[in-house]
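One structure below.
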Amino acid sequence: LGPPALVGRCARAGAVVVMSIVDGAASIVASDRDAELPPLLDPSAFRRPKGRRPTRHLYLANCGRSCGDSAESVFAALQVAAAADGVDVVGLHVGAAGVSYASFGNADGAAIVRQRLAAEAPRWVVCYAELLEEGTTSGPAVPASIASTADIEVPGLRIIPGFVSDAEAEALLLEIDQRAWDTSIKRRVQHYGHAFDYARLRLAEQGDWAEARLPEFSRGVVERVSAVMPHPVDQLTINEYQPGVGIASHCDAHSSFEDGIAALTLGSGIAMEFRKPVLGSGGKVSVGRHHRLAPPPPKADGDDCGALQKSVWLPANSLLVMTGEARYAWQHGIAWRKTDRIADGEIVPRGRRVSMTFRTARFMGCSCRWPTLCDTQNVEAHVLPSRVGAAAAVAEASADADPAVVPTGSCAARSSPCTEAAPVAAH
């Protein structure tokens with residue numbers, strides 16, 4: 001390509017992207033994989049910072065569709081600028097005119113990207129921006145540690161340590177690895193019993209997606225899991241999470257699965273993030289691609305938009321059980337990173353984790369007491385974006401407790417009312 005071409009390896013996406021930056025305009029010349037765009041940002045939620053203190057958000061002037069930029073080209077440029085230091089691009093807005101915004105995991109990451117863009121995309125004028133609800137906060141987008149959210153309770157959430165022995169876990173992993181994996185998405189997956197059809201947002205008809213019966217090797221653990229669940233298990237999804245791989249925050253479709261979702265952790269332990277939209281955080285929550293875990297919505301301030309958030313540690317061989325409010329009213333997800341912070345000064349590197357997620361299929365509407373994330377009572381809670389075609393939706397229909405993924409995003413970007421009933425006891 002010659003100068004001023006830029007060749008970068010987007011480590012997060014595992015893709016080699018060749019870009020040409022001419023007069024500051026970034027365009028993709030070649031890519032060995034279609035990049036997944038981060039969650040959309042609401043431009044009206046930003047302003048210039050009051051001081052000079054860096055934030056985790058960037059204001060990009062002379063950057064927008066009218067300037068020849070696209071969401072894909074801007075995202076690729078940000079990835080190349082951020083990839084060498086493992087900086088996360090967690091949100092993006094590319095404006096129709098000449099103003100765009102980008103959000104990162106923390107202020108240090110935004111500073112790195114800002115400095116590099118000054119040399120690599122000189123047409124862009126890059127400044128810090130401030131999210132109105134965050135004020136001057138420039139801390140990390142996820143809790144500093146699991147211990148920092150210990151006071152937050154999630155009714156209906158239960159973790160059973162040592163649900164299987166080391167020998168049982170080893171035997172299960174051996175059986176799992178001897179079976180065929182679906183490699184159509186970044187995580188390797190296996191489906192048994194039923195699969196979720198993202199093109200229609202409901203359980204799929206039996207076909208090539210999943211084996212009709214649960215595998216014989218899982219019979220014993222399925223019986224034991226069913227004993228601690230409200231309903232007998234008849235659906236199993238197995239996911240492999242290598243270090244650095246996560247899943248967007250989501251809530252399983254109410255109309256597709258009964259109360260009670262359980263996940264058995266094999267191999268390495270991992271931190272899981274839980275969040276619950278607060279009363280008054282109205283809006284549309286859509287089903288889309290599995291982006292990196294987005295930053296938590298702004299903290300609640302009275303009736304302002306926000307969310308409760310809790311991080312929990314899932315030890316190896318433990319069983320996570322979600323019933324009632326935890327299953328219906330909270331989203332859960334895993335951040336895309338290679339380490340987890342248990343407490344201040346205690347950081348644990350991730351290893352390979354294999355999860356066995358157990359559910360009970362249902363084929364009817366839901367009348368639960370938590371309508372915010374209910375696809376029956378709040379139809380707009382499950383709107384498939386037009387950019388996600390049926391083929392892409394099917395290809396990405398695998399996740400750890402992921403059917404009807406509800407990606408997280410800024411509540412300020414939501415436009416439709418979405419009220420929630422007062423908290424009640426778990427079902």
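- Heavy atoms only, all atoms of each residue included: P315 and S318 are closest at O-OG, 2.6 Å.
- No donor-acceptor pair under 3.5 Å is formed between the side chain of R341 and the backbone N or O of I146.
- Side-chain atoms of S70 come within 3.5 Å of backbone N or O of S73 as a donor-acceptor pair.
- A distance of 3.5 Å separates CD of E273 from OG of S311, quoted to the nearest 0.5 Å.
- Interatomic distance, S103 OG to H93 NE2, rounded to the nearest 0.5 Å: 11.5 Å.
- Proximity of a side-chain donor or acceptor of D340 to a complementary backbone N or O of A271 within less than 3.5 Å is detected.
- Judged as a salt bridge (charged side-chain N to carboxylate O under 4.0 Å, His left out), and not counting sequence neighbours, R158 has no contacts.
- Closest approach of V113 to A81, counting heavy atoms only: CG1-CB, 4.2 Å.
- Relative orientation of the Y101 and Y59 rings is perpendicular, given thresholds of 30° and 60° on the angle between their planes.
- Donor-acceptor pairing under 3.5 Å is recorded for the side chains of W330 and E325.
- Distance alone, capped at 3.5 Å, places no donor-acceptor pair between the H332 side chain and the S249 backbone.
- Under the 4.5 Å side-chain criterion, counting only non-hydrogen atoms from C-beta, V90 is in contact with R56.
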**OP:** Please report the C-alpha distance between L266 and I176 in whole Å, then the side-chain angles of each, then the deciding distance to 0.1 Å, and finally whether the side chain to side chain contact (heavy atoms under 4.5 Å, CB included) criterion is met.
**Re:** CA-CA 11 Å; L266 304 175; I176 290 170; 4.1 Å; yes

Original post:
Between V321 and M229, does a side chain to side chain contact (heavy atoms under 4.5 Å, CB included) hold up when you go through it step by step?
Top reply: CA-CA 8 Å; V321 181; M229 295 269 275; 4.3 Å; yes

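- When side chains are defined from C-beta on, M322 counts as touching F274, because their heavy atoms get closer than 4.5 Å.
- With hydrogens and angles disregarded, a donor-acceptor distance shorter than 3.5 Å links the side chain of S268 to the backbone of G351.
- Residues P54 and A107 come closest through the heavy atom pair O-CB, 4.0 Å.
- Under the rule for a side chain to side chain contact (heavy atoms under 4.5 Å, CB included), the partners of L92 that lie at least two apart in sequence or sit in another chain are P38, V74, F75, L78, V94, A102.
- Note that R114 lies in the cation-pi zone of Y128, set by a 6.0 Å cut-off to the ring centre and a 45° limit from the axis.
- Of all heavy-atom pairs between G260 and T323, the closest is CA-CG2, 4.0 Å.
- Counting only heavy atoms from C-beta outward, the side chains of T339 and V348 never approach each other to under 4.5 Å.
- For the pair N317/T265, no side-chain contact is recorded, criterion being any heavy-atom separation below 4.5 Å from C-beta on.
- Without hydrogens or angle criteria, R350 side chain to R337 main chain gives a donor-acceptor distance under 3.5 Å.
- Looking at C127 and V125, their side chains come closer than 4.5 Å, going by heavy atoms from C-beta outward.
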**OP:** Apply the test side chain to side chain contact (heavy atoms under 4.5 Å, CB included) to residues F358 and L264: give CA-CA distance (whole Å), side-chain angles for both, the deciding distance (0.1 Å), then the verdict.
**Re:** CA-CA 8 Å; F358 306 89; L264 179 63; 4.0 Å; yes

Original post:
So R187 and E240, salt bridge (Lys or Arg N to Asp or Glu O under 4.0 Å) or not? Walk me through it.
Top reply: CA-CA 6 Å; R187 291 182 310 282; E240 177 188 60; over 6 Å; no

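- The side-chain contact (heavy atoms from CB on, under 4.5 Å) with Y328 is formed by just one residue from the set T372, D252, D259, L373; it is D259.
- Between V354 and N239, every side-chain heavy-atom pair lies at or beyond the 4.5 Å cut-off.
- Across all non-hydrogen atoms, the minimal contact from A316 to G267 is CB-O, 3.2 Å.
- Considering all non-hydrogen atoms of both residues, G98 and S66 come closest at N-OG, 4.0 Å.
- The line from CG of L172 to CG of L174 is 9.5 Å long, rounded to the nearest 0.5 Å.
- Figure legend: cation-pi geometry between R353 and Y241, with NZ or CZ positioned under 6.0 Å from the six-membered ring centre and within 45° of its axis.
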**OP:** Please assess T55 against E130 for the test side chain to side chain donor-acceptor pair (under 3.5 Å), listing each intermediate value before the final yes or no.
**Re:** CA-CA 7 Å; T55 71; E130 181 177 298; over 6 Å; no

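- Around the CD atom of Q242, the shell of radius 6.0 Å holds more than 12 heavy atoms that belong to other residues, nucleotides or ligands.
- In this structure a side-chain-to-backbone donor-acceptor pair under 3.5 Å is present from S100 to G95.
- With values rounded to the nearest 0.5 angstrom, L320 atom CG is found 5.5 Å from L314 atom CG.
- Here the side chains of Q190 and Y192 are in contact, with some heavy-atom distance below 4.5 Å.
- No donor-acceptor distance shorter than 3.5 angstrom exists from the side chain of N62 to the backbone of W124, with no hydrogens or angles considered.
- Side-chain contact annotation: T237 with Q235, donor-acceptor N/O pair under 3.5 Å present.
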**OP:** Give the intermediate values and the outcome of side chain to side chain contact (heavy atoms under 4.5 Å, CB included) for residues R123 and D69.
**Re:** CA-CA 11 Å; R123 173 170 59 83; D69 302 299; 3.1 Å; yes

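- K310 places a side-chain N or O within donor-acceptor distance of the main-chain N or O of I152, the cut-off being under 3.5 Å.
- Taking CD1 from I247 and CD1 from I334, the interatomic distance works out to 7.0 Å, rounded to the nearest 0.5 Å.
- Judged by distance alone, with hydrogens and angles left aside, the side-chain atoms of D234 form a donor-acceptor pair with the main-chain N or O of A361 at under 3.5 Å.
- Here the CZ atom belonging to R362 is positioned 4.5 Å from the CD atom belonging to E258, to the nearest 0.5 angstrom.
- Side-chain contact check for L157 versus V312: some heavy-atom pair is nearer than 4.5 Å.
- Contacts classified as salt bridge (charged side-chain N to carboxylate O under 4.0 Å, His left out) and involving residues 261-270 (residues at least two apart or in different chains) are not found.
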